[in-house]
Amino acid sequence: MSDATTIVETPHRYTAAFAGSIELRWQTWWESENTYRQPNPGEPGFDASKPKFYCLDMFPYPSGAGLHVGHPEGYTATDIICRYKRMKGFNVLHPMGWDAFGLPAEQYAVQTGVHPAVTTRKAIDNYRRQLKRFGFSYDWSREFATIDPEYYRWTQWIWLQAYHAWFDPTKKQARPIDELIARLDRSDAVVAIEGGEARWSKCTPLQRQQHLDRHRLAYLGVQTVNWCPKLGTVLANEEIIDGRSERGGFPVYRMPLKQWMFRITAYAERLVEDLAIVDWPESTRTMQTEWIGRSDGAEVQFETMRSKDDGSHGAMRMRIKLTELTAALASPSAGLLQEIDQRCRATPGLEVDVSIAGVFLGSKHLSELLTLQGRVRALGAVAMVVDTDELQRGVFRVSKLDKLLRVVDEEHTIKVFTTRPDTLFGATYMVVAPEHPLVARALADPAAATDVDNLAAYAEIAKNRADVDRMAESKTKTGVFTGYYARNPATGQPIPVWTSDYVLMSYGTGAIMAVPAHDERDFEFARVFGLPIQQVVEVTGAPWTGEKATSGEGVGINSRNEEVSLDGRPTAEAKSIIIEWLDRKGVGKKRVNYRLRDWLFSRQRYWGEPFPVAFDADGAHHAVRADALPVRLPELIDYAPIESDTPLPPLGKAMGWVESTAGAVGLDAAELRATALVRRETNTMPGWAGSCWYYLRYCSPTENSRFVSREAEQYWMGGRGVDLYIGGAEHAVLHLLYARFWHKMLYDLGHVSTSEPFGKLFHQGMITSFAYQRRDKSLVATDLVDESTDGKFIERATGEPVAQVIAKMSKSLKNVVNPDDIIAEYGADTFRLYEMYLGPLEASKPWNTRDIVGVFRFLQRAWRLAVDERTGELLIAAETDATIERTLHRAIHKVGEDIERIALNTAIAALIELVNAATRPTGMADPSQGGLTRDQLDRFTRVLAPFAPHMAEELWRGLGHTTSVATAPWPTVDAAMLTDNEIDMPVQIQGKLKARITVPAAATPSDIERLTLADAEVQRHIAGRPVKKVIVVPGRMVNLVVG
RNA sequence: GCGGGCGUGGCGGAACUGGCAGACGCGCGGGACUUAGGAUCCCGUGGGGCAACCCGUGCAGGUUCGAUUCCUGUCGCCCGCACCA
């Protein structure tokens, strides 16, 4: 019927060309009518009586290749949900924009020689065109790109907020840095500076800055960074996979470098804890938790020695309680001061570090402490030091005064972190990372029994090796003895200190106590180097054989000294006993350690946001004033990365921009004269910067006095933040962790109203494709394979059978699908339906072009149900068919329910069932007779609208409406229509289905039982056996247990 | 190795909270309309058996009147982390 004559007869047939024409028509109309424009509170047309729904897509990174089929998967899902929510009476915020700064655009630009601004804008235009062709209901008036100066102006502003803030450990939140400065001014504390310590009032401006940099949330710090020479930039830990760059897979080397960092570690605890208050996939919450990597354990100090017999380095360690201190002050000749005196006399030249935090108390204790200081000074060479690290951690409070004072010897102490302090008695040696300061000290110490050549060589190799190599060689343990010993505080025995690259400087303290009996790595190392192994735990279910480490929990043995015993104690108990003992002795304490490292935020690249910072002649940094933003990215002709042994940012080439004056850059006049010469920061921010807060900007994208209008932010982000955020699981730790961190800083500083940005998160699965595999597991490109009629796949060249397997789409396998092609062949409505019908949104699913025709046929059937293909007139049934009415109610109910739980594949199945039910009795037999009444068609059009908005709009217009179906209310469901008067119930005998009976819906269980036993078919199956038990589940089934 | 998830027809998948396994679609078989169909429409379609009936949710057990669903063990696949002390 599609020959020349019949085509003329059915000009209104739903073909791809027809779909394309109505789709373009309605897209144009929506745009001219501003159908999807969502006004903000206070704007004309805003309806304050409606609840809000903020539904966000992860905005795309526009590449030259255009959209792939993965993009519209999530975007179609959010579009369906948004359209549904609008019809349910919500104010829906559904925006789209462009994540446009970043490495790929720059690499592409370097390759092609076209400026990234040009290629990126072109890619954006292409993406926008493609997205509009899908008929997505974005409010395009809110569109922006992260490369817009009006946008990155505020990215820089947010960075400045972090720069001007510190993390107050007692409040556990970010506070303005001015508060810290005021505190330091007040207390005039002794602070650590390069090469020693000094009073705050005595510090130079540069020294003060160095101290503040240890507290700022955005700070300049020397860090061992991940340097990727191929990419010409450093990378964040999160951007490295298996020792290679996430992008490109190039080797990454470690080197120290001064870089801008984010103090994300300060938020480690809150970033873990708040995962409990968000509705996120379990897998993603787990991943973030593990990435942050909280470990509970203890820090233990080991005193080092030059030889086994050496009593000490002359270090003295003691802990002075306030009560003792008070006693000492009351009676200068009392034991405490005498002891210090004696020790000082016994060891000429001894230096004792006294950690005193009391100076911060500003109370009467201060004078007492200063008195002591005088006394101690009189006794020997004593320096007063404020332990600023501890202060920062909030350890010192007035109530804890009895823990304040202790004499420590930092220089000759190795600190370790352990999760198993209960195994301390089994620590038979120690290992420090090759980068640990002790290694350098051993090399420089002529008195130590160090094999200098070996140690130096080992440290050098380990340091310069890329992490890839380090891992590749991880099979056997290597290491060198440092020549030093340490005293096990529990046993009092000297134990050797080794260095090995299996201990990482970046985790914990960069040193471990090795307990070979109960740690597999330590065991292996001890075996290789013949170190002693001492069992100290009887591990439950793992009897000690000496052949391998037993690492579980159990009961302590061989663990006692004069003061403490762990013998017979279960692991958990033993841990707290030993920690308490260590704490009392002043050589250890409870500690929480995180795997998370501070976030390296500098990149040696051109295509990114410039930092709003410049350096003066002394090298001190100064922030750009907020009113002088944005710091515009200078136009560079040559933006290629500079090849060098050390990272050199390309912005360094913009000499006229880099060399400037304080006034021109916009620095604070109170800090520097306007004419002062300054050098701008030439590093740029990484690609993540723009995506850390774009969801906030959408709330009021044209606001120019603030990063987001306060009112708009409170309205759209109120409650739980973004109500639904859909995007790929590949961002589970990177983007989603960074954005949460920025959001929490902004929350602490009072700029946003929720502590978490994304209340509900959902990951769409990956759309994969089929590929073909030979028997030797090698893959064959799709276009080299034929399918035979019996469903087998044959490689054309060889005639050999190949297996169909699921693989990622890739150019080499020739299985990449371009959305433009599919839309040209079937239309956007079909494309949308197909991707949603493929399977559950969260599952990874293979694209199979052959299957598209299924949903296309559905749309054709739906169209034919409503429209006379010869005339284009609506087909309206004269009378309401009760069965169809019932089916319609059920479909409306099911579709709404399924959209709410993001089960879009089954929602579409319900629509298909409805259309099948309404068309099949009629079929092609009588095309002049419609299957639905006008009222039914009206409701059907509305439930269809979220899925196939173009066809729905066309039908809606045909029904006589003049406004968009997008603004129509969702049809209501009559609950009475969802149940039948009579229910068909299965009857099981011994749990197996044997018969079915029909019972009234209102039947009671006893009615049902009676009806069941009265049924002839049931009686036949019982076959005279006694019925021992009858289980009736009303509305479900009946089960008979017979003897 | 650790953590998270998944195994259901030829294929994609469905099944609420333990209650009729395989909805819906593809493919396939048959038919209709056609000069023709790889378009469209209709009917059928888990396997075995003529049938009554039997067997079926990776495999082996268990709990239960009843298990795709819960438990134990095991095999396979996917994702994440990985010498993290």
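Every value quoted in this text rests on a predicted model; they were computed, and no experiment measured them. Naming convention: chains lettered A, B, ... in sequence-line order (proteins, then strands); numbering from 1 in each chain.
Comparing atom distances between the A:Met287 side chain and each of B:C41, B:G12, B:G80 picks out B:G80 as nearest. Nearest to the side-chain atoms of A:Ala909 among the listed nucleotides B:C24, B:A85, B:C41 stands B:C24. Out of B:G80, B:C24, B:G66, the shortest distance to the side chain of A:Glu290 is found at B:G80. The side chain of A:Lys992 sits closest to B:C55 out of B:A39, B:C55, B:C83. For A:Glu282, the listed nucleotide lying nearest its side chain is B:G4; candidates were B:C24, B:G4, B:A85. With B:C20, B:C24, B:G12 as the candidates, the nucleotide lying closest to the side chain of A:Arg996 is B:C20.
For A:Asp851 and B:C26, a side-chain-to-base donor-acceptor distance below 3.5 Å is absent, hydrogens and geometry of angles not being considered. On a pure distance criterion of 3.5 Å, a polar donor-acceptor pair joins the side chain of A:Arg1036 and the base of B:C16. Within 3.5 Å, no donor on the side chain of A:Lys1028 pairs with an acceptor on the base of B:C65, nor the reverse.
Between A:Tyr837 and the phosphate of B:G25, there is no side-chain N or O to OP1/OP2 separation shorter than 4.0 Å. Proximity of A:Thr906 to the phosphate of B:A23: no side-chain N or O atom is located under 4.0 Å from OP1 or OP2. For A:Asn848 and B:G13, the shortest distance from a side-chain N or O to OP1 or OP2 is not below 4.0 Å. Contact annotation: A:Arg595 side-chain N/O to B:A82 OP1/OP2 distance is under 4.0 Å. Side-chain nitrogen and oxygen atoms of A:Lys994 include none within less than 4.0 Å of the OP1 or OP2 phosphate oxygen of B:C65.
Using a 4.0 Å cut-off between charged nitrogen and carboxylate oxygen, A:Glu73 and A:Lys845 count as a salt-bridge pair. Note on A:Asp422 versus A:Lys575: no salt bridge recorded, every NZ/NE/NH1/NH2 to OD/OE distance being 4.0 Å or above. Under the 4.0 Å criterion applied to side-chain N and carboxylate O atoms, A:Glu524 and A:Arg527 are not assigned as salt-bridge partners.
Each of A:Asn593 and A:Gln860 was assigned the nucleotide of RNA chain B with the nearest heavy atom; the assignment lying further toward the 5' end belongs to A:Gln860.
Base pairing of B:C2: its partner is B:G80, meeting the Watson-Crick or G-U wobble criterion (both donor-acceptor distances under 3.5 Å). With a cut-off of 3.5 Å on both pairing distances, the Watson-Crick or G-U wobble partner of B:C41 is B:G31. Across all strands shown, nothing is found opposite B:C50 as a Watson-Crick or G-U wobble partner with both distances under 3.5 Å.
Side chain to side chain, A:Tyr834 and A:Thr76 fail the donor-acceptor criterion of an N or O pair below 3.5 Å.
In this entry the distance linking CZ of A:Phe770 with P of B:G10 reads 15 Å, nearest Å.
Between A:His12 and A:Phe18, the two ring planes are perpendicular [angle over 60°; tilted spans 30° to 60°].
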